[in-house]
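What follows is a single structure, written as structure tokens, with notes after it.
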Amino acid sequence: MYAQMVKSEASTDDPEKLAAFQARIDAGEKIEPKDWMPAGYRKTLIRQIGQHAHSEIVGQLPEGNWITRAPTLERKAILLAKVQDEAGHGLYLYCAAETLGVSRDELTEMLLDGRMKYSSIFNYPTLNWADMGAVGWLVDGAAILNQVPLQRTSFGPYSRAMIRVCKEESFHARQGFDVIRKMANGTPAQKKMAQDALNRLWFPALMMFGPSDADSVHSTQSMAWKIKMNTNDELRQKFVDQTVPQIEFLGLDLPDAGIKWNEERGHYDYSDPDWDEFFDVIQGNGPCNTDRLAARNKAWQDGQWVRDGLLAHARKTAARKVAAE
Amino acid sequence: MAATLTQDEALFQFLLRMGDNTLILGHRVSEWCGHAPVLEEDIALANTALDLIGQTQMWLGLAGEVQGAGKSADDLAFLRDVWDFRNVLLVEVPNEDFGRTLMRQFLFDAWHSIQLGHLMKSSDPRIAAIAAKTSKEVAYHLERSADTVVGLGDGTEESHGFMQAALDYLWPYVGEMFTSDAVDAAMVDAGIAPDPAALRSDYDALILRVLGDATLTVPDSRFAHKGGRTGAMHTEHLGHLLTHMQWLQRAYPGASW
């Protein structure tokens, strides 16, 4: 769920072709870029992969916020490596999207002018060093739950990108847990930071899975196409079930008074996030939306001369080479 | 630096100079995270910063050993004040824009790669080993920064203007890398490190070729701001950098992270 609320496009293609396409998907075949695909499948995937890529790019900002304040050389190196991985994930995902006929620059323009979204989670601030632990542990941990099944998604390039991304993400989640564990077992001030990070990021992490299935209008078609592999509520429950014992292991207080083991269901009960807040964030009113987009716009505008310069040089070099031949 | 400098004191100072250069430049480069002109540059800048921080761990780790006061690389990085830093002024000037950042990187990488080439032959095997390891990374840094300087210098009129302005601003900070003092004399005598002044001709040949390809004009001045590598007088910028970098360690002393 670096891609949330992706609107699934209905298809108006030839019913026979659609049926044959669906049969390939049902048989577990991978769809490759040159294969025939319904226009709706293509559009939905561009939206989903693009949103995922944008999330990786905007996601550099909340962690970049602490790189210059990392408390040790090793922590700084690990955080740099992690953020570098995320930029790399953005790169593979843009490449996967490009196979569907949209350029990275077009996708970037759509992010910058607000036509495309990125994950709601990156509109929350990172306020203390323990957030660097909580982001890896909770945010990357939640993302992995969604991305592991996406390794089996029907679109070949997306599936292959996910295989590579998942390997690195599991390392990120482990390092995040290592940071938070150190804080939870540290001085009283460090423990306070860890608790504060958990309390602030818990519900935003739950929101990453998207609204409840009952309110999720886009799931059915995407699930039939194997673009979406599990329902939002399934994954959210899995996340809560795996994370609550970790919170207890860390000796931190549960961030939600509604968390309770339900013997009958064999799962933890938990409180719903505030979905009004979620929709506010999606609509641009999260604590950091304006600043995050402004930072990306500034980077893009300030970098225009660099991109133009390098392109002009590449053209001159090519022209000189031709002239010399 | 008094005449009573012992060999270990001189070696400690020399190692601080190496480690503080990579620490402060690594920090500056890491400030770019998420703000680069294009995704490939975000990745490359993070990678460069990561290499430099890794090199810092080696240099300052050895500095702590030589000092013999039980200090780790982290203690040296996070718990010294401005006057104890020994990096050249060039690496502490602010990033300003991508042009200045890459020009600074190039002007430093060129010196760094030549310096490490000599240090690989150091009489101190610990230094020779660090140099051998880091010179591979630095060769790549130099290749990339030189290519970028050429690409932007010989790009559009606008990019040329940015790069010329960057070179003009940074040029007075180049000379400090080639100044020598008692610490250097002690290193030369012991066969540990070369005399900085002796590197200048190789350096000039390298940068003149690249800056020529970049169609840039080298300022006609040898004036050099000094004071970083001796600690006598840093820029105002270093204190601000340290308030960021050292904040957690200073605010929560004794905590383990």
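Every heavy atom of this structure was used, including side-chain atoms; hydrogens, water molecules and symmetry mates were not. Order of the sequence lines fixes the chain letters, A, B, ..., with proteins taken first and strands second; residue numbering starts at 1 for each chain.
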- request: Check the pair A/Glu98 / A/Arg104 against salt bridge (Lys or Arg N to Asp or Glu O under 4.0 Å), numbers first and verdict last.
  value: CA-CA 7 Å; A/Glu98 282 183 324; A/Arg104 199 207 306 179; 5.1 Å; no
field: Leading residue by heavy atom contact count with chain B [cutoff under 4.5 Å; candidates A/Leu310, A/Leu61, A/Asp308, A/Thr72]
entry: A/Thr72
Heavy-atom side-chain proximity of B/Val138 to B/Asp51 below 4.5 angstrom: no
message: Given the ring of A/Phe122, does A/Arg292 sit roughly above its face, with NZ or CZ under 6.0 Å from the centre of the six-membered ring and within 45° of the axis?
response: no
- prompt: How are the rings of A/Trp305 and B/Phe162 set to each other: parallel, tilted or perpendicular (split at 30° and 60°)?
  reply: parallel
query: Top residue by heavy-atom pair count (under 4.5 Å) with chain B, among A/Gln301, A/Glu63, A/Gln84, A/Lys76?
result: A/Gln84
- prompt: Parallel, tilted or perpendicular: which describes the rings of A/Trp66 and A/Trp129, with under 30° parallel and over 60° perpendicular?
  reply: perpendicular
task: Let me know if A/Leu73 has heavy atoms under 4.5 Å from chain B in its side chain, its backbone, both or neither.
output: both
- prompt: Got a salt bridge between B/Asp154 and A/Arg320, using NZ or NE/NH1/NH2 to carboxylate O under 4.0 Å?
  reply: yes
task: Report the option among A/Met183, A/Arg307, A/Glu86, A/Gln304 that has the most heavy-atom pairs separated by less than 4.5 Å from atoms of chain B.
output: A/Arg307
- request: Report the option among A/Arg296, A/Lys298, A/Lys316 that has the most heavy-atom pairs separated by less than 4.5 Å from atoms of chain B.
  value: A/Lys316
message: Applying side chain to side chain contact (heavy atoms under 4.5 Å, CB included) to B/Arg126 and B/Val66, what does each step give before you reach the verdict?
response: CA-CA 11 Å; B/Arg126 300 167 299 180; B/Val66 167; 4.1 Å; yes
field: A/Arg69 portion near chain B, given a 4.5 angstrom heavy-atom threshold
entry: both
message: Report which part of A/Val306 has an atom under 4.5 Å of a heavy atom belonging to chain B: side chain, backbone, both, or neither.
response: both
- line: Whatever's closer than 4.5 Å to a heavy atom in chain B on A/Glu74 counts as both
A/Asp302, part contacting chain B, at a heavy-atom distance under 4.5 Å: neither
task: Measure A/Met132 against the heavy atoms of chain B and call it side chain, backbone, both or neither at under 4.5 Å.
output: neither
Portion of A/Thr187 that has a non-hydrogen atom of chain B nearer than 4.5 angstrom: side chain
task: Heavy atoms only, distances under 4.5 angstrom: which of B/Phe78, B/Tyr252, B/Phe98, B/Trp247 has the most pairs with chain A? Name it, please.
output: B/Phe78
- prompt: Where on A/Ile57 is there a heavy atom nearer than 4.5 Å to chain B: the side chain, the backbone, both, or neither?
  reply: side chain
statement: Most heavy-atom pairs under 4.5 Å with chain A, out of B/Thr156, B/Thr148, B/Leu39, B/Asp97, belong to B/Leu39
query: Counting heavy-atom pairs under 4.5 Å to chain B, which of A/Pro71, A/Ala312, A/Gly59 comes out on top?
result: A/Pro71
message: Working note: B/Leu211 + B/Leu167, criterion side chain to side chain contact (heavy atoms under 4.5 Å, CB included); need CA distance, chi angles, decisive distance, verdict.
response: CA-CA 9 Å; B/Leu211 295 173; B/Leu167 180 58; 4.0 Å; yes
query: Contact part of A/Ala70 toward chain B, heavy-atom cut-off under 4.5 Å: side chain, backbone, both or neither?
result: backbone
query: What is the minimum heavy-atom distance between A/Ala295 and B/His35, and which atoms define it?
result: CB-CE1, 4.1 Å
query: Which atoms of A/Arg315 come close to chain B, meaning under 4.5 Å heavy atom to heavy atom: side chain ones, backbone ones, both, or neither?
result: neither
- request: Side chain from CB out, backbone as N, CA, C, O: work out which of these in B/Glu31 comes under 4.5 Å of a heavy atom of chain A, or both, or neither.
  value: both
task: Could you walk me through whether A/Met110 and A/Arg47 pass side chain to side chain contact (heavy atoms under 4.5 Å, CB included), step by step?
output: CA-CA 10 Å; A/Met110 287 193 273; A/Arg47 216 172 263 156; over 6 Å; no
Under 4.5 Å from a heavy atom of chain A, the part of B/Leu23 involved: side chain
message: I'd like to verify something: which residue of B/Leu241, B/Leu152, B/Thr243, B/Val38 has the highest number of heavy-atom pairs under 4.5 Å with chain A?
response: B/Leu152
field: Candidate pair B/Arg104 and B/Leu107, rule side chain to side chain contact (heavy atoms under 4.5 Å, CB included), full reasoning
entry: CA-CA 5 Å; B/Arg104 183 185 61 200; B/Leu107 294 171; 6.0 Å; no
- prompt: For A/Phe249 and A/Arg181, which heavy atoms make the closest approach, and how far apart are they?
  reply: CE2-CD, 3.9 Å
message: Could you tell me if B/Arg100 sits above the aromatic ring of B/Tyr169, with its cationic atom closer than 6.0 Å to the ring centre and no more than 45 degrees from the axis?
response: yes
message: Need one label for B/Trp257: side chain, backbone, both or neither, based on atoms under 4.5 Å from any heavy atom in chain A.
response: both
task: Would you confirm whether the ring centroid of B/Phe106 sits within less than 6.0 angstrom of the ring centroid of B/His112?
output: no
- prompt: With only heavy atoms counted, which part of B/Ala49 is less than 4.5 Å from chain A, the side chain, the backbone, both or neither?
  reply: both
query: Who wins among B/Ala46, B/Ser256, B/Gly99 for the most heavy-atom pairs under 4.5 Å with chain A?
result: B/Ser256
